[in-house]
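Heads up, the thing below is written out as structure tokens.
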Amino acid sequence: MTATIIDGKAIAERIRAQIAEEVEARVEAGFPRPGLATVLVGDNPASQIYVRMKHKACEQVGIRSFGRVLPATASQEEVEAVVEELNADPAVHGILVQLPLPPGLDEERVLGRIRLEKDVDGFHPLNIGRLAQKGREPLFVPCTPAGIMVLLEEAGVALEGARAVVLGRSNIVGMPVALLLLRRNATVTVCHSRTRDLPAVVREADVLIAAVGRPEMVRGDWVKPGAVVIDVGVNRVEDPTAKKGYRLVGDVAFDEVKEVAGALTPVPGGVGPMTIAMLLKNTLRAAKLAD
Ligand code: GUN
């Protein structure tokens, strides 16, 4: 059996085109152009790349973007003051504080400063708290988990009663995606570094979300035949034959798993493009909330 490849890049492009159309229609109707502000603290090279990609994506769909950069030595007060300034700026509809923050800064306090209506990353403690509770609705859902749910929907995956296994329990992906799956009535198991007999637990999954950051950890014989596998990992591995000397691989051994799974996302071109599409979607929604 060869898995259906879930083309996140194509799905994300379609969503971005819809957003671009809607943005232009809003502007033509006299509403302010949606605006996203990013806050980058320190010089983490991966964060710099991600922030640059987010600005470029905004530009492509007609969303204004504002970039605030602070040195790694910035104090808690300085970072919070920037967030407050952006909270008060009517041209800024969404605020994204790129994570991780440098050591010594209190991430929860910074995220808690973001005005709820501008929390397009969905990491404000109140939004996360609402996500974790029955009958409560977060204003925004974190972008990578939201993108994963769209991929599952597009692939026609029935989640009700399905066994979902999430590998990884990060605040950014593992935990919120587990909560979203639970809200869709999947039976969810969250695995982590202390999970005993991990391959056996993973083999139970009808839906597997791999978000641990370990290159090609999930092997073909860990996967139940026909399972839907979403690979969130983006890992650099050395490859002397590649132009840059490395290539990107996921948390899933793609060539092995594609022979067993029913559907599978590639890396790159799976989850990654969806994260940015969801950020743009949330920013447009934030702009609408401000009308
Ligand atoms: N760092 C890694 N992923 C993300 C994300 O989705 N949002 C933010 N703010 N930081 C991140």
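Order of appearance sets the numbers: ligands from 1, and atoms from 1 within every ligand. Hydrogens, waters and symmetry mates are skipped; everything else that's a heavy atom, side chains included, is used.
- Look at E154 and R14 and you find a salt bridge, because one of the NZ, NE, NH1 or NH2 atoms lies within 4.0 Å of a carboxylate O, short of that distance.
- A salt bridge is defined here as a Lys NZ or Arg NE, NH1 or NH2 lying under 4.0 Å from an Asp or Glu carboxylate O, and E22 with K288 meets this definition.
- A donor atom on one side chain and an acceptor atom on the other are found under 3.5 Å apart for Q98 and K54.
- Between I230 and I6 there is a side-chain heavy-atom pair separated by less than 4.5 Å.
- Between R183 and E137 there is a salt bridge, since at least one side-chain N of the basic residue sits less than 4.0 Å from a carboxylate O of the acidic one.
- Around ligand 1 you find K54, L96, V97, Q98, L99, D121, F123, I172, each with a heavy-atom distance below 4.0 Å.
- When the options E59, K56, H55 are evaluated for a side-chain hydrogen bond (donor to acceptor under 3.5 Å, both in side chains) with S65, the one that passes is H55.
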